[in-house]
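First up is the structure itself, then whatever we jot down about it.
Lettering follows sequence order; numbering is per chain, from 1. Everything numeric here is computed off the predicted structure, so don't read it as measured data.
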Amino acid sequence: MDWGQIFTFTAESAFGTQAMYFAIAAIGLNIHFGYTGLLNFGHAGFMTCGAYGLAIPLAGGEIWGFEWGQQAMWKGVLIGLIAAGIFGLLLGIPTLRLRADYLAIVTIASAEILRIVVRATSLRGLTGGSNGINGFTTSFQNARPSFLDDGFLGYSSRQSWVLMLGWIFVLFAVGFTYLLIHSPWGRVVKAVREDEDAARALGKNAYSVKMQSLVLGGLFGAIGGMFFVLAQGSVQPTPQDFGTPKTFFIWVAVILGGTARLWGPVIGSIMFSGLLAFTDTSLREAVRADYIPDSILDGVQVGQMRFILLGLGLMLLMVFRPQGIFGDKRELALDAR
Amino acid sequence: MSRFTELKAVDPAILDNVPQEAGSAKPDAILTATGITRRFGGLVAVDVNHLEVQRGLITALIGPNGAGKTTFFNLITGFDAPDEGSWTFEGKPMGALAPHKVARQGMVRTFQLTKALSKITVIENMKLGAPSQSGENFFKALLHPLWRDQEKDIEEKADALLERFKLNHMREEFAGTLSGGQRKLLEMARALMTDPKLIMLDEPMAGVNPALTQSLLEHVKSLRDEGRTVIFVEHDMDVVRDVSDWVVVMAEGGIIAEGPHSAIGENKAVVDAYLGTTHDTALVFNEETTAKIDSAKIDSAKIADTAVTTEIEDPQ
Ligand SMILES: Nc1ncnc2c1ncn2[C@@H]1O[C@H](COP(=O)(O)OP(=O)(O)O)[C@@H](O)[C@H]1O
Ligand SMILES: [Mg+2]
């Protein structure tokens, strides 16, 4: 077993691109679920908005007689954010006056509809259909400062540029969330989570504040999607990238870290990526060194096995630390009363 | 220019010449409801012809369980919509206003099933109640200096109320850790943070430890001294006798009697509603003579009520 390699790979993943864009998206989901109590099961839909909103203007293209060249980065970011904002409004308008579970149903369906729509053949000029969009990161990479030309801490130069901006954004997002949650706005949001009618009876517009939270968290989801495709260098409308599995992995990150905790989603994302990489490499090493005979597990099966182990780990977490890593046990005890 | 300054105490004697009958007009009504009906399928839960509530005094709303008291509260405060009817608060028509807008007009209610916001501390629960907070605006929320001063004022007010309600020692605790009675106190104190003109309390004493009941009653009375109008639902006739200036009796959705508590106990319709039609003693609100009969009768009515409540999840 090469422990050095296992450690390096785990550490690299824990602070790598996946952890970074998960953290951003998870901060958004934590605003939804942790602070406001909104059951958003379509976070991948917000990420889709951000990813395509960014990639389409940047890549240039042609559809139905319209043609556009490669656009400036800021336009892509703006379009992605607007798309996510509209997506949030569309989800919220019919559901936020209803019981919480309606939002859950509508989000899960809408995110999937969105992913299927963007891969439609008739939209190939716009979204690239099932091929997705490639080669839109040139201008972004051209803007890379030269001190990153040789990469950083083992990350390639391209990666380290995305990572640097991404982690800076994570810090910004945490600070932003802190300011909001510790304000009277945050108080209303939490009150709505606890009991909407109580908030209403005190003159708070629960519908409006839920809408604001849905859109805000959605914008973070969209930005997570942007960093994701900037790091990946392409947009692919696959279930792993923009489908329900992605949504649920982000949920895992939020719950791992502890809901309604400022750093919860960040720590959760780091742990999620780190643990996944750790189980992957250590199993692979164990198989290669024949600690685990091929008859039990071979190298190909390791990919699935790590998710099984991760699931097991999550179960243990829920049994022994149901409030998540950062959660407050006192709060959880109140649920039972 | 707070709403607080407009309030002034009203002398209960103002009701002396008001006819003691359902739907009677009041000298200065803060709330007037007319023709309010609410049906749930075939069941007529509320059917109120006319009700006026005198400003600045304490009106008790009594009636057997299922009489429609909570539903009536829900209708008036915008949490439910009537099939028919209209009502005015401070002369302004109120139908179809969303609950939060009703509250902003100065009409604030509490709930029969207490709604303490469990995972929020007591002091934050209180601060939530304060009206017109600029920091509740999303953009201003990000800029602490824009709401810092207001927050300080709110906190002072909240602390004063917590002190008055003897909850100050629980200030930093999660509201979910409070006892049932303390939650009732918190809910009432929180409602007062809004500076209401009219406060509607749905069974504020239910489940409250008898030691706390007395202090809750004192709080209710002090609201009248401040010039606030109080409507409260209560089953305990001793309590009703102690604090109310006027009693409104509901049964089967309608208002069957009104009057000072001294007159209500002898009212035949009321006794029928509480005890069924086969009986021969009057409900007595007079302390010396028949306190025993009184509490025995009403207790049995109360027990019947409790039995019903435990069966049916309260539909508010
Ligand atoms: N949401 C609802 N759906 C169906 N029936 C209801 C609903 N709310 C109240 N009711 C019925 O309306 C009647 C009045 O109830 P309620 O207002 O709670 O009475 P009270 O508060 O006087 O005890 C009861 O018969 C109750 O079962
Ligand atoms: Mg009731």
Legend entry - Proximal component of B/Ala130, with respect to chain A [non-hydrogen, under 4.5 Å]: backbone

Inset, instruction - Name the region of B/Gln133, side chain, backbone, both or neither, that has any atom closer than 4.5 Å to a heavy atom of chain A. - result: side chain

Can you name the nearest heavy-atom pair linking [X] to [Y], along with the distance?
X        : Y        : value
B/Phe111 : A/Ala198 : CE1-CA, 4.2 Å
A/Leu202 : B/Ala103 : C-CB, 4.0 Å
B/Leu128 : A/Val188 : CD1-CA, 3.9 Å
A/Pro184 : B/Glu151 : CG-OE1, 3.7 Å
A/Ser183 : B/Gly135 : OG-O, 4.1 Å
B/Glu136 : A/Trp185 : O-CD1, 3.1 Å

Inset, instruction - Take B/Lys119 and A/Arg193 through the test side chain to side chain contact (heavy atoms under 4.5 Å, CB included) and record every step on the way to the result. - result: CA-CA 9 Å; B/Lys119 289 186 217 165; A/Arg193 174 193 70 195; 3.8 Å; yes

To the closest 0.5 Å, what do you measure between [atom1] ([X]) and [atom2] ([Y])?
X        : Y        : atom1 : atom2 : value
A/Lys190 : B/Ser118 : NZ    : OG    : 13.5 Å
B/Asn125 : A/Arg187 : CG    : CZ    : 10.0 Å
A/Asp197 : B/Arg109 : CG    : CZ    : 8.0 Å
B/Asn137 : A/Gln212 : CG    : CD    : 7.5 Å

Legend entry - Toward chain B, the part of A/Phe176 with a non-hydrogen atom under 4.5 Å: both

Legend entry - Check against side chain to side chain contact (heavy atoms under 4.5 Å, CB included), A/Val209 and B/Phe138: CA-CA 9 Å; A/Val209 88; B/Phe138 179 85; over 6 Å; no

Got a donor-acceptor contact below 3.5 angstrom from the [X] side chain to the [Y] backbone?
X        : Y        : value
A/Glu194 : B/Ala116 : no
B/Lys101 : A/Asn205 : no
A/Arg200 : B/His100 : no

Tell me, yes or no, whether the heavy-atom count around [X] atom [atom1], taken from other residues, nucleotides or ligands under 6.0 Å, exceeds 12.
X        : atom1 : answer
A/Phe248 : CZ    : yes
B/Glu155 : CD    : yes
B/Phe40  : CZ    : yes

Legend entry - Ion pair check, B/Lys115 and A/Glu196, cut-off under 4.0 Å: no

